[in-house]
Amino acid sequence: MYILAIESSCDEFSVAILKDDKILSNIISSQIEDHKEYGGVVPELASRLHVQNFNWVLSDSLKKAKVSIDEINYIVYTANPGLIGSLIIGKIVAQTLAQYLQIPLLPLNHLHGHVYSAFIDNKVEFPAIALITSGGHTEITLMKDHLEFEILGSTQDDAIGECFDKVAIKLGLTYPGGPAIEKLAKQSNEAKYKIPKPRDINKYDFSFSGIKTGSINLLHKLKQSNIEIDLNSFAYSFQKTCVEYVIEKLEKAIKEYKPKFVILGGGVSANSMLRSEFQAMAKINNVKSIIPKNEYCTDNAAMIGMLGYVTIQEEGKR
Ligand code: KG4
Ligand code: ZN
């Protein structure tokens, strides 16, 4: 069985080809350079660039996989959540292909895709708990079986990546802020600044707007008082607060639900402090941990293809 998967929910247009659960190709056109000058993703620009890019991404992906379009058996695509204009371009491409080839079309959920990125080249056993940390989402999900997603907690305001991006702008860094903050933080290992952690809304929900506002207010205060800011240490203090905050919540969930596996996903999982704290915490709690390869952490079609493969298999069992 050959699956063609499309992901277009934000500023990446990506097409992957799978032979069953094996990824044959995963081509991603990134728009980071195009959005940089605006300090963040401009939705209208993102969808216009998807229109320009989808054709070469599609043909490169088929070429790399050495599969012809007539051999494809299923089309799967990200239907939600995401930027509406960006999602529509992916949907139109998916529908057109499915209609032309007269094959089934499966609309899928982007966040479920992030969870399934951990299943690529890995055998995950249930129950499993996933921590998804991206530019648009922060979520802890419990899975008792395939395709059973019980959201234990999610952000009530900003997402963790969004918080990195917004604080980075105030530090004079460019978009995307996450990697820029990490680069500064690596020059320091001292948390000189006290970034306030939000009070618990409830056990597993997050709030990042408090960390964002607290960091920005502290920066303003230091500037107004003409106190020189150690940017490296500021970045380190901010990053440490965010990482500790998500890991503390995840650890609570692991203690309560005792999963066999714990999974990390989403763009922020490229962060080396988050990765090492995640692995250390899993080890202490005797849980097997999986962090997908970087190309499967940020937005990509391979994860949507993997979710599609499992969905087709599970529907076949019914
Ligand atoms: O998953 P993703 O590619 O797109 C969304 O679904 O949002 O995540 C993008 C986010 C951005 O906010 C970016 O700043 C953040 O991931 N990010 C990082 C790092 N690399 C990317 N955050 C912290 N440290 C990093 N190394
Ligand atoms: Zn995403």
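Please read all numbers here as calculations on a predicted model, not as lab measurements. Counting starts at 1 for both ligands and their atoms, in listed order.
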Heavy-atom pairs closer than 4.0 Å: do any link ligand 1 to the side chain of Val268, the backbone, both, or neither?
both

Heavy atom of the protein closest to atom 21 (C) of ligand 1 (residue, atom name, distance)
Gly267 O, 3.4 Å

Do Tyr77 side-chain atoms and Ile304 backbone N/O form a donor-acceptor pair below 3.5 Å?
no

Nearest 0.5 angstrom please: Ile69 CD1 to Leu97 CG, how far?
5.0 Å

Between Tyr245 and Phe208 (judged by ring centroids, cut-off 6.0 Å), do the two rings come close enough to count as a pair?
yes

Between OD1 of Asp299 and NE2 of His110, what angle is found at the Zn ion (ligand 2), rounded to 10 degrees?
100°

Are there more than 12 heavy atoms of other residues, nucleotides or ligands under 6.0 Å from atom CZ of Arg48?
no

For atom 18 (C) of ligand 1, which of Gly178, Ser30, Cys242, Ser269 has the closest heavy atom?
Gly178

If I take atom OG from residue Ser86 and atom CD from residue Glu44, how far apart are they, to the nearest 0.5 angstrom?
9.5 Å

Region of Glu12 that comes within reach of ligand 1 [heavy atoms, distance under 4.0 Å]
neither

Under 4.0 Å, heavy-atom basis, I'd like to know which part of His110 is in contact with ligand 1: side chain, backbone, both or neither.
side chain

Stepwise ring-ring contact (aromatic ring centres under 6.0 Å, His included) test for Phe164 and Phe238:
CA-CA 9 Å; Phe164 268 85; Phe238 166 79; 5.0 Å; yes

Reference residue Glu139; test side-chain contact (heavy atoms from CB on, under 4.5 Å); the match among Thr155, Leu111, Leu131, Asp205
Leu111

How close does the nearest protein non-hydrogen atom get to atom 14 (O) of ligand 1, and which residue and atom is it?
Asp165 OD1, 2.7 Å

Quick one: does Cys10 get within less than 4.0 Å of ligand 1, heavy atoms only?
no

Below 4.0 Å from ligand 1: does a non-hydrogen atom of His137 turn up there or not?
no

